[in-house]
Amino acid sequence: MNSRLLLASILIVCTLVSCELPESPDFTTSHKIEVPVIANKEFTFLGSGADVIIDTTGSEFDSLFTVDGTTGLISLSRVESFDFGDLNDAIPAVTVAPAAFDAQVGALSLGSFSSSGGAGGNLGSASFASLTGLNPAVVPAGTAIPGAMSPAPTNIAVNTDFFVSATISSGALEITLTNTLGFDLDQVNLIVNSGATPVGPLAFTNLNHGSTATESINFAPGTVLTNLNVDMTVTWSAQNTQAAPGSITVNDAAGSNLVASQIVAAIGPQSFETTGSSAFSNTEFRFENDNHFIQLTSGTISVTNIINQIDLGIDTLRISFPGIRSAPYGVGDSLIVEFSGPTAISRNGAGGDRIVDLSNHRIFANGNQVGYSIVARTEDSQSGAATARTITENDRVSATVAIEDLVIGSVSGVIVAQQVDLNTDEGADGNLDLFNDNEAEVTEIDGLESLSEQLDGLEFTQPALTIMYTTNIGIETEIIGAFVGTNGDGEQVFLSGNAGTPNEVLPADQITGFLANGMQLDRTQLVKFGITPAVGPGSQMGAVTFNSTNTNVADFLNNLPSDIRFVGRAAINPNEVEGQIANPVEFDAEISIDLPIAISTPMAATFSDTVDLDGDFPDTEDATEARVFINYTNGLPLGVDLTLVFFDDQGQEITRSPLAGETLIMTAGAVDPVTRFVNQPTTDALIFNLSREQLRLLGETEPEEILLQAALNTTNNSEVRLRAEDSIILSVSISMTIETDVD
Amino acid sequence: MNMIKKYTGLLIVGLLCSSSAYGQLQHVTSASLGMGGGGVAYVDGYHANFVNPANLMLKRFRRPDTFVGFGNVAVNAGGTLVNIPVYNEFLTKGLTLSGQTREDFLDAWFGSSEASESRQVALSTSIVPFAFSKRGRKTAVSLAFRARTLTGLNVSRGVAELATFGLDANQFNTPRDVNIQLEQSAFGEISVGYARQVLSLPNLLFARNVKVYVGVAPKFIISATNSQLDLISTVQVQRGANGQAVNFTHNFDYSFQTYGDLAEELRAYERARDADPDNADFDDFVGDGTYVSPQFSGVAFDLGGTIEMDISRLPLIPLFGKKKTLTLGLSLTDLGSVKLDDNNLTFRNNGNFFFEGAPDGQEVDDFYDNLGDSLQNEVYLDFDSEETGAIENRLPSTLNFGAHLTMGKLSTSLDYSVGFNGRVTNSKRSTLILGAEYRLLGFIPLRVGVRNGGFSSRVYTAGAGIDFRFLEITFAGAIPAEGPDENGSAVAFAMSGLTFRF
């Protein structure tokens with residue numbers, strides 16, 4: 001039994017021992033990946049879409065490039081708005097000091113003394129008996145009387161209901177008499193009395209019966225007239241009376257050029273006038289002829305504090321401003337301010353204030369004087385219930401005239417030369433610092449920043465910077481300022497005018513106060529340029545171009561500034577010539593940077609860019625070989641020496657390719673010697689290898705960033721020009737061997 | 001005596017030279033698999049329906065006459081594609097499959113550097129959920145249900161090159177054959193067996209009590225699913241000068257034949273795609289079904305004859321008892337076809353696919369994604385269907401011969417078979433099987449065997465379990481033999497389930 005079991009067991013064991021059992025897997029696969037990444041793909045230098053090197057529709061490069069329609073030459077162009085500051089300071093400030101005027105009544109004229117005066121009037125009379133001492137009853141007509149004279153003066157109280165008193169300055173008093181005594185008189189003598197005081201004699205000769213005569217008496221200045229009466233005596237020759245005895249009548253008593261310095265009387269209307277002017281300041285603007293003016297956007301003229309010190313009401317007060325005119329600004333359009341009717345000024349009273357809106361008025365003020373004239377007419381106190389007024393020649397009407405709140409719309413004349421800061425002067429210290437953000441105008445040049453950060457050494461040979469502006473300034477304006485451009489690497493270049501060009505800032509130019517970080521800039525760091533005056537009304541466009549002839553703009557722009565800072569001052573009308581300026585002053589400027597891609601590389605330009613992998617780098621730890629095949633037909637006039645540097649998350653270099661001593665060069669296309677455009681693309685191939693060790697390093701330390709460094713050379717390092725349609729055709733494929741352990 | 005020596009010599013030679021023999025797709029039980037997988041001369045009971053119906057008359061180990069079985073399972077897999085020696089040599093020793101090592105690996109696997117050289121792998125499963133047999137004095141009958149799946153895959157070396165090289169322009173610079181054939185079918189069989197004793201001789205030469213049995217087991221076949229994919233293609237990967245212009249060229253001609261729900265869904269997808277290629281999603285049409293479409297598919301036969309004799313007179317190895325019974329069997333199995341009459345469709349396309357990748361630039365992954373998408377959309381989902389008509393798939397028919405010698409508790413067996421076709425694990429290459437069984441304590445069978453040939457190289461088998469007269473629960477397995485062999489490897493497993501005898 002045992003032997004049988006043993007035999008069976010041996011048979012089973014032998015069977016099992018000779019079996020082929022699968023062992024645990026332990027091997028490594030090696031796969032090759034052959035992948036075309038790009039196949040004969042043409043990348044145009046400039047355009048839109050995916051097949052371009054520079055996508056002009058991208059946010060970074062939108063409107064950065066322009067293409068010459070004829071040659072196809074690309075220009076790297078950028079237009080940025082640029083705030084040159086508030087030039088409204090160039091508008092002259094014009095002020096007028098308030099003016100007070102007095103209009104004195106002046107000399108007072110005396111006319112009729114009585115309401116009963118005039119031809120046939122009777123202000124008083126002397127009878128036959130009193131004048132002759134004869135009994136008229138015994139002297140009928142035809143009675144012969146002997147020659148004789150009045151036995152005594154007869155006093156006649158003259159009826160002067162208009163007149164109370166007066167202090168005579170000059171002139172005469174006319175007295176009119178009518179003889180109705182019934183016989184002819186050889187002479188009538190009057191002694192004119194002021195009250196009891198004789199003020200002068202008056203004689204009438206040959207005053208025949210029935211006749212009327214007027215004689216005048218002049219008064220010495222200062223003569224005071226009051227209670228006017230006369231002592232009359234007559235002288236006659238022998239004769240027969242012609243009529244029954246009568247009297248001598250005083251018909252009238254009136255002034256003849258009789259002027260008084262003070263009167264108490266009822267007098268007729270008195271007119272008086274005066275003229276004057278207000279002065280405009282001339283520190284910023286001068287009116288040098290009748291055509292110079294300022295046009296007001298707004299403003300007022302006010303007549304206030306009207307005081308009437310006259311014992312007469314002023315029926316009409318008219319103030320005329322011949323230099324203040326409304327449209328259409330002719331002489332007849334001058335401003336008149338009148339007080340009359342309801343606004344008439346009462347005697348010994350005050351008038352209401354008057355404020356007149358001067359919007360859209362022009363002020364013509366030759367010699368910076370705006371004139372006015374005042375005409376006043378008083379009431380007639382003799383009309384109606386005549387009342388006597390006490391008036392002196394010094395009585396007056398006064399008022400204040402003020403031209404205020406003037407907002408100038410435009411001026412035409414001579415603007416006084418002045419310096420205007422184009423930037424806000426923080427602290428008003430007279431300094432403008434380029435690197436004070438509160439003072440300097442800072443303009444970022446979109447699109448150039450990324451280029452300047454990535455590109456170094458490429459020289460643009462035909463750059464230009466143009467300031468394009470729209471302005472309504474009709475006067476000469478010259479700007480001195482500092483432009484500094486800072487590129488993505490923080491490198492700064494100042495724009496300065498070339499020597500001998502109008503853009504050079506001369507030693508005589510005022511440059512004090514232009515600072516950079518507190519340090520005074522010298523004139524070689526500044527540039528000067530003028531603004532062409534606008535002709536006529538409205539805005540006009542102009543441009544100032546800085547090119548390699550007049551400035552160092554080549555250095556300035558080859559720095560590829562990502563931002564431009566500016567501080568400056570404008571010299572307004574430095575030669576003080578006639579011109580116009582309107583408010584608001586329009587000076588809208590844009591800076592246009594124009595970099596025709598006509599370039600050279602005296603030294604190899606470098607382009608660098610960092611690609612953040614964000615964990616997307618493929619796992620290469622299992623890769624043993626990687627080759628990138630690049631076939632190209634280069635229609636660009638740029639050769640490229642390419643280097644890739646891989647960095648870990650600590651910024652440490654992991655590896656690079658090609659390794660030191662190796663190159664990965666793409667040759668530039670051949671260039672036409674005349675046009676400098678590529679006329680013969682270069683076709684060649686590159687192979688880019690990563691060794692097993694490099695792949696192992698990249699696999700063990702996953703790279704976070706790849707730095708792409710490209711040394712760029714133009715064809716023969718000479719000037720070349722790029723067209724939008726220049727292109728490069730690329731075929732790129734990857735061959736990678738990947739080993740995978742299976743165990 | 002001379003005959004005994006000759007037989008013994010043949011057995012030894014067979015054991016030593018078994019690598020020159022071959023195996024076949026035969027029905028196996030836990031008993032037959034444990035002894036190498038044959039059984040033409042000794043598999044009895046209802047299993048005889050599928051191996052040799054004449055064996056219904058065998059009465060071994062004084063077993064009762066009635067067998068009832070539940071749940072016999074057998075799985076057989078392997079082929080030239082499954083080459084464990086090659087695997088062990090190249091894929092378990094830390095080698096890097098590159099350069100000459102890779103070439104050697106592929107040469108060893110496929111036998112030559114020709115891309116068209118192909119290898120196969122097959123899987124067959126067999127389940128007998130219920131069976132019954134009754135043996136009479138001179139006749140026997142049985143009824144057995146068997147469910148079978150047959151899956152075969154045939155790939156060319158080019159497929160392995162794709163797997164080991166990737167799309168390597170150096171390897172695929174010239175077109176390489178990339179061929180795949182895949183067939184899969186599942187069907188059920190209802191087998192009715194009948195056997196009878198046709199001759200009985202008390203003495204014949206050295207033998208006594210010689211009996212001759214014949215049997216036949218017609219079976220009704222019900223197909224559940226059937227499909228077959230044939231892809232004949234080449235792959236070429238070219239790189240231009242300086243490594244440029246990698247491109248992929250795929251010349252292809254494929255067909256996929258199936259029926260039932262799967263065919264209908266594929267055709268619905270085809271029509272939707274034709275109508276609106278951009279919006280026809282394959283997944284919307286295909287993939288949700290079980291694709292079991294039962295269909296009566298014809299009648300097949302298993303038949304055979306068996307000679308049983310007592311050769312105790314012969315002086316054979318006296319260690320295991322005096323009574324020695326020799327059984328010789330001859331059978332033809334799986335005679336017939338699976339015929340599918342309804343709704344058979346073939347989906348096919350052919351042409352030349354050229355792919356350059358995305359010219360606009362891409363990442364590495366994109367290339368393969370795009371290539372995959374293009375292959376899917378332009379090649380493998382862009383098919384046209386055609387009515388195929390009736391399909392007839394031959395069953396894996398075999399001719400089998402076996403001998404079995406019982407010497408007390410020791411039994412030995414020898415089987416030889418040859419396939420009439422190459423379906424799945426069937427092979428036109430011959431199979432020689434040697435087996436032995438020792439019944440420890442009379443009810444613990446210890447079985448070993450070796451099988452050479454057929455769809456794989458040599459395999460060793462073993463089995464054990466308990467086998468009373470009234471109950472059997474046994475199992476067996478097969479594993480490949482040691483040593484490189486271009487014919488591949490195979491594994492198998494079988495379990496008797498519950499077999500009651502009464």
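Model, not experiment: these values are computed from the prediction. Chain identifiers are assigned alphabetically (A, B, ...) following the order of the sequence lines, protein sequences preceding nucleic acid strands; residue numbering begins at 1 within each chain.
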Chain A contact via [X] - which portion, at a heavy-atom distance below 4.5 Å:
| X | result |
| --- | --- |
| B/T164 | backbone |
| B/Y87 | side chain |
| B/L91 | both |
| B/F248 | neither |

Self-check item: Contacting region of A/S24 [heavy-atom separation from chain B under 4.5 Å]
Solution: backbone

Quiz item: Where on A/E23 is there a heavy atom nearer than 4.5 Å to chain B: the side chain, the backbone, both, or neither?
Solution: both

Quiz item: About how many Å separate CG of B/L95 and OG1 of A/T28, when rounded to the nearest 0.5 Å?
Solution: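 Nearest 0.5 Å value for the OG1-CG distance: 8.5 Å.
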
Quiz prompt | Reported OG1-to-CZ distance for the pair B/T101 and A/F27, which is rounded to 0.5 angstrom | solution =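 Answer rounded to 0.5 Å: 13.0 Å.
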
Quiz prompt | Partner chain A: residue of B/G166, B/S98, B/G94 with the largest heavy-atom pair count (under 4.5 Å) | solution =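 Ranked by contacts with chain A, first place is B/G94.
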
Quiz item: Looking only at heavy atoms, what is the nearest atom pair of A/S30 and B/T96, with distance?
Solution: CB-CG2, 4.4 Å

Exercise. Give a yes or no on whether the backbone of B/L162 and the side-chain of A/H31 come within a donor-acceptor separation of less than 3.5 Å.
Key: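 Side chain of A/H31 to backbone of B/L162, a donor-acceptor pair under 3.5 Å: no, none is there.
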
